[in-house]
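What follows is one structure encoded as structure tokens, with my remarks underneath.
Chain identifiers are assigned alphabetically (A, B, ...) following the order of the sequence lines, protein sequences preceding nucleic acid strands; residue numbering begins at 1 within each chain. Fair warning: this is a prediction, and the values are worked out from it, not measured in the lab.
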Amino acid sequence: MTEAVTSAAAPAPADFIRDIVAEDVAARRYAKIVTRFPPEPNGYLHIGHAKSICLNFGIARENHGRCNLRMDDTNPAKEDVEYVDAIIEDVQWLIAGWADHCLGFKPKGATPAAQVTDGRPDFYLGAAPGPDGAEPFFASDYFGPLYEFAVTLIGKGRAYVCDLSPKETEEYRGSPDKPGRDSPFRTRSVAENLDLFARMKAGEFPDGARSLRAKIDMASPNIWLRDPLLYRIRHTAHHHTGTQWCIYPLYDFAHCLSDYLEGITHSICTLEFVDHRALYDWLLESLGLPRALPHQYEFAKLNLGYTLVSKRKLLQLVQEKIVSGWDDPRMPTIAGFRRRGVPAAALRQFAYAIGVTKFDGLTDVALLEHTIREELNRTALRRLAVLKPVKLVLTNIPAGEVIACDATNNPQDENPTTRSVGLTREIYIEADDFAEVPPPKYFRLKPGGDVRLKYACIITCQEVVKDAAGRIVELHCTADLDSRAGGPNAARKVKGTIHWVSATQSIAAEVRLYDRLFNVPEPDADGAFLTHVNPHSLEIVTARIEPALAAAAPGQALQFERLGYFAVDAKAGTPGRLTFNRTISLKDTWTKGPAPK
RNA sequence: UGCCCGAUGGUGUAAUGGUAGCACAAACGACUCUGACUCGUUUUGUCUAGGUUCGACUCCUAGUCGGGCAGCCA
């Protein structure tokens, strides 16, 4: 299954959009399949974007095509370079080793050069160069050509400069069930429109004083065809173009033409743009463009149980300091998942598993958790760590003696390797693995009971030592050293096996245990997601970890045996003391109740 | 109530006029030096009503329910 997202030879998933692409390929409608992923740099990418990235890059790689990363940055007021950098990093991480060869980049600083196609002016931007000195595409790099397109549209009598105020424009637009009215400026001459538009660009008018609008149909049942705005005046500096422009194109105008300029064939977006498709096509067709036109297709965005999939709301969590930042391991952002230890392949596998449809459903988080565990089970190095330590003394092992035990690094490997862990007189075991009064079917250690220490031997609990307050201080046990692997009692069966670390050889580490950020399946169903934040989404413990873990590095998948999957936090550690994030717990079919995260 | 989109087990998705299948979840069982993994078994589904057809999840009509659209946001 994982092959499907890691191997180029693996069968691709099928969905209605891929069916359309396949038809276009069969009909040879395009020389090359080119998709794009067009985030607005006004926030970090989240799991919903991951779905879109996997779709767009997946289609590109399955068809020997290309997928352009394009900053959809036509609104200077909301965007920032901080987001541009984060988006690039997140996309590259997500597609690394899978579709990075399909990533469209352009030479740094390049803008589309005017050229002629079929004897007509065209602005086609050629194929992407290699990654050196390259950068993603920016819609703002097309402001020049876009302006020319607008001039062409005016020349064709299909756009006009409108002097209505924002409020008046809204009134003239009508409502869904009532047609709009023509703007009094709709009949301006081409010459006057040309002059006024040039003066808008020259900065002669204040913000909102005039706008450029398409001349379509104010009575259209589709609101997006009621003379939609194409350009607005904003005397605001732009993060990518500086103060070069004071008029900025709106999404509908910029997007279809950016697609065209880049040679996009399939422009895939979410369902809320279905109504805009008529405008997308109208603009492209009105311009009489020489090359094959891109087409827009829409799919349902991801809705995930117990999580927020909205940049705006995630921004709120950051601003109100409910999380430590966009990359807080509890955040459903790509950066958050990465920091938490979720492998990119697991996110890709999830994207494939949920499919692509036009049905607006709610995906069970359990599916995400499943793909994470599936990937981690394959790849994670097994290690011993005790999260909530209780001291245990093996009374028949002399102090100072170290018994070397071979521990398997990953039993899922074809040829598993081992490492040595030292068993000593004093060890730590998990507090949960001892019960003075055991519940029914308790397989772990209890007074007078036996349990196997993983990779070591069977022990028998002889005595429970308590302090004056009645709290357990330590457990005294005897070890059956003959029950070690290869020993005469190696085949001895006990019901339970527990993990442990040497008290003298282990080291301390901070471990952060995460639970879901929200305690209801649809956090914003009532519009009050802040009231559904799980107050116990983070628990910090000081754990004892086996010495081999001192060499662990961020990005390395680890399993603390019997506990879950963990990863070194790339940001939080201090020299000499590592911090681990629990990526996800192991599936627990014994402890009842809601699935732990 | 104008236009648009959608509806298949608990959840997500397949079947494109010919046996309703897969994954997740759940339950039970086997195995186990991870109560994990793996394996086996089981439960549960085509929104409603008409129509077309030898045959409808699929096509048509109407309805029901859900979602989207009235930013100079994307």
Side-chain angles (χ1 to χ4, degrees), chain A residues 1 13-16 19 38-40 42 72-75 77-79 162 164-166 169-171 173-180 207-213 220-226 228-234 248 250-252 254-255 269-278 298 300 305 311-312 353-371 373-374 377-378 382 384 407-408 411-412 441-444 452-458 483-485 490 492-499 559-564 585-591 595:
Chain A
M1 210 174 172
D15 55 62
F16 78 99
D19 288 346
E40 183 186 16
N42 65 345
D72 207 0
D73 56 352
T74 56
N75 184 356
K78 291 190 174 182
E79 298 147 8
C162 181
L164 251 26
S165 71
T169 304
E170 188 187 329
E171 287 161 7
R173 187 155 35 225
S175 60
D177 52 347
K178 270 191 314 218
D207 289 4
R210 294 183 213 263
S211 62
L212 183 73
R213 302 177 67 177
S220 172
N222 181 344
I223 282 172
W224 293 101
L225 258 23
R226 319 240 267 224
L229 272 75
L230 270 20
Y231 268 89
R232 79 278 228 183
I233 300 171
R234 284 284 174 279
Y248 292 95
L250 277 105
Y251 167 84
D252 290 293
H255 205 90
C269 60
T270 48
L271 252 25
E272 63 266 35
F273 293 102
V274 169
D275 292 336
H276 296 237
R277 190 174 58 231
E298 313 86 12
K311 259 194 266 184
R312 209 197 89 242
I354 57 179
V356 177
T357 66
K358 299 175 89 156
F359 176 65
D360 187 28
L362 178 65
T363 298
D364 192 340
V365 247
L367 185 55
L368 207 213
E369 295 171 348
H370 171 259
T371 61
R373 289 193 179 104
E374 185 180 51
N377 178 51
R378 267 184 57 235
R382 311 298 129 120
L384 296 176
T408 306
Q412 303 289 325
K441 292 201 182 161
Y442 189 78
F443 297 165
R444 285 107 95 147
R452 179 176 283 278
L453 296 180
K454 180 86 179 173
Y455 302 126
C457 60
I458 293 169
S483 64
R484 283 182 294 161
R492 201 182 139 196
K493 299 286 180 201
V494 286
K495 201 65 186 163
T497 299
I498 64 173
H499 59 278
Q559 183 195 103
F560 292 175
E561 294 216 41
R562 298 210 313 130
L563 295 171
S585 68
L586 247 29
K587 209 154 114 188
D588 183 355
T589 49
W590 185 62
T591 314

Can you tell which of [options] lies closest to the side chain of [X]?
X	options	answer
A/Pro221	B/rG2, B/rG6, B/rC33	B/rG2
A/Pro176	B/rC4, B/rA23, B/rG2	B/rG2
A/Asn377	B/rC37, B/rU11, B/rG12	B/rC37
A/Ser175	B/rC33, B/rG67, B/rA70	B/rA70

Original post:
Taking the side chain as C-beta and beyond, is there a heavy-atom pair between A/Leu453 and A/Ile498 under 4.5 Å?
Top reply: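 Yes, their side chains come closer than 4.5 Å.
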**OP:** Evaluate the side-chain proximity of A/Asp252 to A/Pro228: yes if any heavy-atom separation is below 4.5 Å, no if none is.
**Re:**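 SC-SC contact between A/Pro228 and A/Asp252 ruled out.
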Using atom [atom1] in both nucleotides, what's the gap between [N] and [M] to the nearest angstrom?
N	M	atom1	value
B/rA62	B/rA20	P	29 Å
B/rU34	B/rA23	C1'	25 Å
B/rC73	B/rC37	C1'	48 Å

Original post:
Reckon A/Leu362 touches a base, only the sugar-phosphate, or nothing at all at heavy-atom distances under 4.0 Å?
Top reply: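 Sugar-phosphate contact only.
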Original post:
Base, sugar-phosphate, or nothing: which does A/Glu170 touch, judged by heavy atoms less than 4.0 Å apart?
Top reply: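 Counting heavy atoms under 4.0 Å across all strands, the contact made by A/Glu170 is with sugar-phosphate only.
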Subject >> Side-chain ion pair, A/Lys78 and A/Glu40, N-O less than 4.0 Å >> reply: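 A salt bridge is absent here (no side-chain N lies under 4.0 Å from a carboxylate O).
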Original post:
Hey, which of these two, A/Thr357 or A/Ala485, hits RNA chain B nearer its 5' end, going by closest nucleotide?
Top reply: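 Result of the comparison: A/Thr357.
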Original post:
Taking A/Ser483 for the side chain and A/Arg492 for the main chain, is one N or O donor matched with an acceptor at less than 3.5 Å?
Top reply: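 Absent.
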Could you list, one pair per line, each protein nitrogen or oxygen that sits under 3.5 Å from a nitrogen or oxygen of nucleotides 15-17 of chain B, together with the distance?
| from | atom 1 | to | atom 2 | distance (Å) |
| --- | --- | --- | --- | --- |
| B/rU16 | O4 | A/Asp19 | OD2 | 2.7 |

Subject >> Pairing nucleotide - B/rG40, Watson-Crick or G-U, each distance under 3.5 Å >> reply: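 B/rG40 is paired, partner B/rC28.
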**OP:** Identify whether a stacking contact exists between A/Tyr251 and B/rA74, where the ring centres must be under 5.5 Å apart and the planes under 30° apart.
**Re:**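 No.
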**OP:** Output yes if the stacking criterion (under 5.5 Å between centres, under 30° between planes) is met for A/Phe443 over the base of B/rG35, else no.
**Re:**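 Yes, A/Phe443 stacks on the base of B/rG35, since the ring centres sit under 5.5 Å apart and the planes are within 30°.
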Original post:
Any side-chain donor paired with an acceptor under 3.5 Å for A/Glu561 and A/Tyr455?
Top reply: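 Checked: A/Glu561/A/Tyr455 side chains pair up, N/O donor to acceptor below 3.5 Å.
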